[in-house]
Amino acid sequence: MLNVMRERTSQVQQTKPLPYDVVALVLQGGGALGAYQAGVYEGLHEAGIRPNWLAGISIGALNAAIIAGAPEAERVTRLREFWETICACPVEWPAGEGLGDALPFAFDFRSIHNAFAAMRALFQGQPGFFKPRFPSPLWSPFAGDAATSFYDTTPLKQTLERLVDFDRLNSGEMRVSVGAVNVRTGNLTYFDTAERRLGPKHFMASGALPPGFPAVEIDGEHYWDGGVVWNTPLSRVLTSEPRDTLTFQVDLWSAKGRVPSDLMELSSRQKDIQYSSRTRAITDQVRRMQTMRRALQRTLERLPANARQDPEIRAIAEMARHRAYNIVHLIYQSKVFESQSKDYEFGRSAMRAHWQSGLDDIRRTLADPRRLDPPSHELGIVTHDVHRPD
């Protein structure tokens with residue numbers, strides 16, 4: 001089955017020709033900030049770039065499900081419907097955009113608006129996503145989900161079943177990998193269409209962040225949000241079977257930031273650091289692998305021709321064959337009026353702003369076509385860290 005999936009993955013056609021075997025889209029977890037990833041995908045789609053491997057954790061896994069489970073022409077539309085659904089509320093206040101200098105309190109107004117959106121999510125839940133439990137697990141007389149989570153995610157299952165064609169998602173048109181943590185063992189597990197059929201539960205497990213959401217049972221094991229252990233599935237893509245790979249890594253938390261000056265800033269900064277990617281550690285590992293490949297190539301060249309025909313030597317030669325890795329790294333840059341609750345501020349105005357930021361960032365990135373060029377043979381790997389200006 002694995003070989004069949006690989007063959008099908010390689011058959012995904014690019015509108016824009018790219019010199020890579022794999023074009024991967026890697027999506028980090030980050031709750032309401034995930035609309036930024038949807039904007040990035042829209043920009044890739046309009047540029048004719050068609051990823052053939054989606055890897056996600058938490059909200060990144062949900063975005064991956066919507067993309068892979070929709071016909072190509074409907075992917076952006078389905079993403080928009082998903083985000084408009086889970087960010088809906090009975091009354092949407094104006095968010096203060098466009099007020100500019102006309103109102104000196106426009107900055108504070110946006111902060112207050114986002115705070116209300118966060119409070120609404122906490123107390124009322126979000127349509128099509130999650131709803132509060134009654135009674136609260138703090139006073140629940142029951143065991144199980146009712147006693148271990150504040151929200152019921154049944155609405156999310158219904159949303160996924162409505163918007164995602166799981167037959168298409170599992171067809172091999174795209175490879176999909178989503179990360180979750182086994183609650184019993186504490187180990188990170190990837191549910192991968194190259195290895196099994198995925199359904200709504202696998203994506204819900206990837207986003208089951210405790211104590212808000214309940215663990216999801218799959219094949220007798222219980223799973224939590226993959227971000228509990230590792231919030232970015234980049235290693236799943238780069239350390240799998242070596243192939244020339246272009247990776248668009250879309251993060252929602254920035255490891256870089258200023259020293260906080262009060263408790264609110266401290267909480268926000270702590271989240272940024274806790275959930276940010278450890279991209280440097282992964283790329284350093286890949287660089288070491290590339291160095292080892294070059295050393296093996298030089299060693300193999302010294303062997304006599306007849307020795308190179310040995311099956312084991314030929315296997316080593318295949319492992320040592322040159323691969324190219326290009327990582328285009330986009331990171332959402334928090335706005336000054338956003339607080340530590342930015343990952344559960346599900347208001348539509350905030351969502352649309354996040355989406356537009358992602359679209360603007362990927363358009364700016366692709367404006368320089370050299371960013372998509374393979375690295376030199378000597379380097380073997382190149383990383384482009386793309387940040388939207390402050």
When you measure from the centre of the six-membered ring of W230, is the NZ or CZ of R236 under 6.0 Å away and within 45° of the axis? no
Just so I know, are the side chains of N326 and D373 near enough to count as touching, which here means a heavy-atom distance under 4.5 Å? no
With the side chain counted from C-beta on, respond yes when P210 and T148 share a heavy-atom pair under 4.5 Å apart, and no when they do not. no
According to the interplanar angle, ranging from 0 to 90°, do the rings of F129 and F346 count as parallel (below 30°), tilted (30 to 60°) or perpendicular (above 60°)? perpendicular
Side-chain donor-acceptor contact under 3.5 Å, R371 with T365: no
Parallel, tilted or perpendicular: ring planes of F130 versus F213, cut at 30 and 60 degrees: tilted
Is a donor from one side chain sitting under 3.5 angstrom from an acceptor on the other, for R293 and Q290? yes
Report yes if some heavy atom in the side chain of P71 is under 4.5 Å from a heavy atom in the side chain of R78; otherwise report no. yes
Within the structure provided, determine whether K157 and E161 are in side-chain contact (heavy-atom separation under 4.5 Å). yes
How about S58 and D225: does a side-chain donor come under 3.5 Å of a side-chain acceptor? yes
So, for A88 and R348, which heavy atoms are closest and what is the spacing to 0.1 Å? CB-NH2, 3.4 Å
Correct closest heavy-atom pair for D343 and K271 would be OD1-NZ, 2.8 Å
Nearest non-hydrogen partners of L372 and Y20, listed with the distance: O-OH, 2.8 Å
Pairwise side-chain contact, V250 with Y41, heavy-atom cut-off 4.5 Å (strictly under): no
